[in-house]
Undergrad: 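For reference, the structure I am asking about is given below.
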2 protein chains.
Amino acid sequence: MLTISQLAAYAGVTVRAVRHYHQIGLLPEPERDASGYRRYGATAVVSLIKIRTLADAGVPLSQISRMLDADPSAFAEAIRTIDGKLRDEIERLQTSRTHIAQLTAGDSLALPPEVTAYLDRLRAIGASQRMVEAERDGWILVAARWPDRIVEWMPGKSAALDDPQVVRLYRVLSEIFDGDEQDDPRLAEAADIMACLAEQAYAAGDFLHAEEADDDIPHDLIDALADEADPRAQRLRELMRERGWSGWNRMERLAEPPRK
Amino acid sequence: MLTISQLAAYAGVTVRAVRHYHQIGLLPEPERDASGYRRYGATAVVSLIKIRTLADAGVPLSQISRMLDADPSAFAEAIRTIDGKLRDEIERLQTSRTHIAQLTAGDSLALPPEVTAYLDRLRAIGASQRMVEAERDGWILVAARWPDRIVEWMPGKSAALDDPQVVRLYRVLSEIFDGDEQDDPRLAEAADIMACLAEQAYAAGDFLHAEEADDDIPHDLIDALADEADPRAQRLRELMRERGWSGWNRMERLAEPPRK
DNA sequence: ATGGAGGGTTGACGCAGCGTCAAGGTCAAG
DNA sequence: CTTGACCTTGACGCTGCGTCAACCCTCCAT
């Protein structure tokens, strides 16, 4: 007659595991000796080894009892089911591994490489760290909504950085938002540049295809993101409204300048 | 301002997940509106998307906050650690899969193929199902204790089945244990055959290398297994003692026959 | 005004497979 | 008699939420 620790040692499991199998009814409770200790016979050892064999093979404990007294065909069927689950789980973990392998840099969080390349170019033309991070967060919102279409848009955005006016704009904005000045006079300069760019884009008809108007939420979110990041963004939008433009990432020409 | 379900939908997670992230402090609780509803801004959306990106990559929730504000080198280090854990887990599951693939038949539970081949031969020479299962359970105990040496022993056991006396023994035992008769007269015949075989083995010196005497427990267990499986096994051992042999799977010649 | 559908809120249990105290009773050896 | 190694039950912890339960809020159609 074995004690619980001898049983566990023989089968290569922990004492706690044996007691757990008792609790869930997988291994029957044995007789107790005079002092209340569990005493195990040889059949218990064999049962426990069978249980461990199945458990080590990935069979859930809840199914082991059924499998132990199943006919060969049902057993084989159960094996196939469990093997399928194991395969799925392995696959899941492997996609996790490929995902994690692409998280090398901080910028690539949730962003395709085209966008991180664009952000690198932004840095290269003189945008500040804060500016780039703000842009990055905006693109994260875009990527979440249009994960496929974002790739199409990047070449155009990247090409825009060849325009000296755009470069100038990003530098000015970087300086503004890196400073502490809440009422920076350069805000007006930035607004002028943006209005000018908007005018050009409008003339070129670039706003037309933006009329698709899928869903307002993402656009509103991107606007809000800027506002939340820095109150001066709101001031900038106000200046834009004075110049006849509304919106922020999705501009529209206002019918007439507001009077306020 | 978004409600919790809008936020969750945008980030592609469940409402419950968002609340869970609040509970564990991963995502800060937002302001509430007049009626107590949570109201989210754009930064919450971005945070949530970042969290999901890491979580989908297999990063434990408890580490995500640290990773989100880690410098690139610490970030990369954490990535390596997590990737290692993923790799280990995948490996574990894959060994589970190879294990489970070998569990085709019921006999192979915890047994190497050499043993199942031996069991098949037992069936072939006329051993009953009960008999084979009892043998199988015994071998499970052996395999648990000497997983490596068991392979060496099988050729000898298999060769023994060429002996007509052994074949006769297994058939007689099968008949006895398949019947209901508690005091079957064939028990004596079986004992005679076993004594005869023991005598031959003793003369051939086959018991000598069994003197290694590693550990009594497994031998005792195998004896006990037979006793637990059928009370007639005890009667058989008694008959063996009368013929001058003790033990069951590990026999010894008794100095003199007991008088009882 | 009312009633119902479809949001939202907190609180709590459940899952899988044990690990790990806690607080005691038992056994064998020195 | 003490000491240390085992045994007992009971209960919480871990991971990442799913799933009630019981109740409140809002909006729209009647």
Side-chain angles (χ1 to χ4, degrees), chain A residues 1-27 29-40 44 48 50-67 81-82 85-86 88-89 92-93 96 99 217, chain B residues 1-27 29-40 44 48 50-67 81-82 85-86 88-89 92-93 96 99 217:
Chain A
M1 284 306 204
L2 307 177
T3 67
I4 194 170
S5 63
Q6 290 173 313
L7 168 73
Y10 199 101
V13 307
T14 64
V15 170
R16 183 63 180 88
V18 175
R19 286 204 265 251
H20 183 59
Y21 300 154
H22 287 324
Q23 268 195 352
I24 63 176
L26 184 51
L27 189 65
E29 282 273 2
E31 305 284 309
R32 306 298 182 106
D33 68 10
S35 61
Y37 289 13
R38 294 178 178 86
R39 288 295 176 169
Y40 297 89
L48 183 53
K50 289 179 182 172
I51 289 170
R52 273 323 299 177
T53 304
L54 288 175
D56 287 341
V59 180
L61 297 189
S62 56
Q63 295 193 27
I64 288 183
S65 55
R66 261 171 297 175
M67 291 198 59
T81 305
I82 292 160
K85 283 184 187 166
L86 283 177
D88 291 351
E89 181 70 4
R92 213 176 55 79
L93 292 180
S96 276
H99 282 169
I217 291 187
Chain B
M1 283 305 204
L2 306 177
T3 68
I4 195 170
S5 61
Q6 290 173 312
L7 168 73
Y10 199 102
V13 307
T14 65
V15 170
R16 183 63 180 88
V18 175
R19 287 204 266 250
H20 183 59
Y21 300 154
H22 288 322
Q23 267 194 354
I24 63 176
L26 184 51
L27 189 65
E29 284 271 4
E31 305 285 311
R32 306 299 182 105
D33 67 10
S35 63
Y37 289 12
R38 293 177 178 86
R39 289 296 176 168
Y40 297 90
L48 183 54
K50 289 179 182 171
I51 289 171
R52 274 320 302 176
T53 304
L54 288 175
D56 287 341
V59 179
L61 296 188
S62 56
Q63 295 193 27
I64 288 184
S65 55
R66 262 171 294 175
M67 290 198 60
T81 305
I82 292 161
K85 284 184 185 165
L86 283 177
D88 292 351
E89 182 69 4
R92 212 175 55 78
L93 291 180
S96 276
H99 282 170
I217 291 188

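Naming convention: chains lettered A, B, ... in sequence-line order (proteins, then strands); numbering from 1 in each chain.
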Undergrad: Using whole Å, what does the distance between atom P of nucleotide D:dT15 and atom CG of B:L86 come to?
TA: 15 Å
Undergrad: So do the side chains of A:I82 and B:S96 get within less than 4.5 Å of each other, counting heavy atoms only?
TA: no
Undergrad: Under 4.0 Å: is that the gap between some side-chain N or O of A:R38 and OP1 or OP2 of D:dT9?
TA: yes
Undergrad: Below 4.5 Å, heavy atoms only, C-beta onward: do B:P30 and B:R39 meet side chain to side chain?
TA: no
Undergrad: Start at the 5' end of DNA chain D and walk down; is the nucleotide closest to B:Y37 or to B:A55 reached first?
TA: B:A55
Undergrad: Considering only heavy atoms of chain A and a distance under 4.0 Å, specify the first and last nucleotide of DNA chain C in 5' to 3' order that meet this criterion.
TA: C:dG17 to C:dC27
Undergrad: Using whole Å, what does the distance between atom C1' of nucleotide D:dC17 and atom CG of B:D56 come to?
TA: 14 Å
Undergrad: Taking the axis from the first five pairs and the axis from the last five, what angle separates them in the helix from C:dA1-D:dT30 to C:dG30-D:dC1, rounded to 10 degrees?
TA: 30°
Undergrad: Checking side-chain contact (heavy atoms from CB on, under 4.5 Å) against A:Y40, which of A:T3, A:L48, A:V18 comes through?
TA: A:V18
Undergrad: What residues in residues 2-10 of chain B put a non-hydrogen atom under 4.0 Å from any atom of DNA chain C?
TA: B:T3, B:I4, B:S5
Undergrad: Looking at CG of A:L26 and OG of A:S62, how far apart are the two atoms once the value is rounded to the nearest 0.5 Å?
TA: 9.5 Å
Undergrad: With side chains defined as the heavy atoms from C-beta onward, is the minimum distance between B:R19 and B:R38 less than 4.5 Å?
TA: yes
Undergrad: Closest nucleotide of DNA chain C for A:V59 versus for B:E29: which of these residues is on the 5' side?
TA: B:E29
Undergrad: Please report the distance, rounded to the nearest Å, between CD in A:E89 and P in D:dG16.
TA: 13 Å
Undergrad: Would you check if B:K50 and B:I64 make a side-chain contact, meaning some heavy-atom pair closer than 4.5 Å?
TA: no
Undergrad: Working to the nearest 0.5 angstrom, can you tell me the gap between A:M1 CE and A:Q6 CD?
TA: 12.0 Å
Undergrad: Rounded to the nearest 0.5 Å, how far apart are OG of A:S65 and CG of A:L27?
TA: 11.5 Å
Undergrad: Please identify each residue that fulfils ring pair (Phe, Tyr, Trp, His ring centres under 6.0 Å) with A:H99, with sequence neighbours left out.
TA: none
Undergrad: With a 4.0 Å cut-off on heavy atoms, is B:R39 in touch with a base, just the backbone sugar-phosphate, or nothing at all?
TA: nothing
Undergrad: After noting the C-alpha distance and the side-chain angles of A:H20 and A:L61, does the key distance pass the side-chain contact (heavy atoms from CB on, under 4.5 Å) rule?
TA: CA-CA 10 Å; A:H20 183 59; A:L61 297 189; 3.9 Å; yes
Undergrad: Any idea which heavy atoms bring A:V59 and A:M67 closest together, and the distance?
TA: CG1-SD, 3.7 Å
Undergrad: Using a 4.5 Å cut-off on heavy atoms from C-beta on, say whether the side chain of A:R52 contacts that of A:Y21.
TA: yes
Undergrad: Output the residues of residues 13-26 of chain B in contact with DNA chain D, where contact means a heavy atom of the residue under 4.0 Å from an atom of the strand; sort by number or write none.
TA: B:T14, B:R16, B:A17, B:H20, B:Y21
Undergrad: Please list every donor-acceptor pair under 3.5 Å in which a side-chain atom of residues 9-16 of chain A meets a protein atom from a residue at least two apart or in another chain.
TA:
from	atom 1	to	atom 2	distance (Å)
A:Y10	OH	B:L141	O	2.9
A:T14	OG1	A:A17	N	3.1

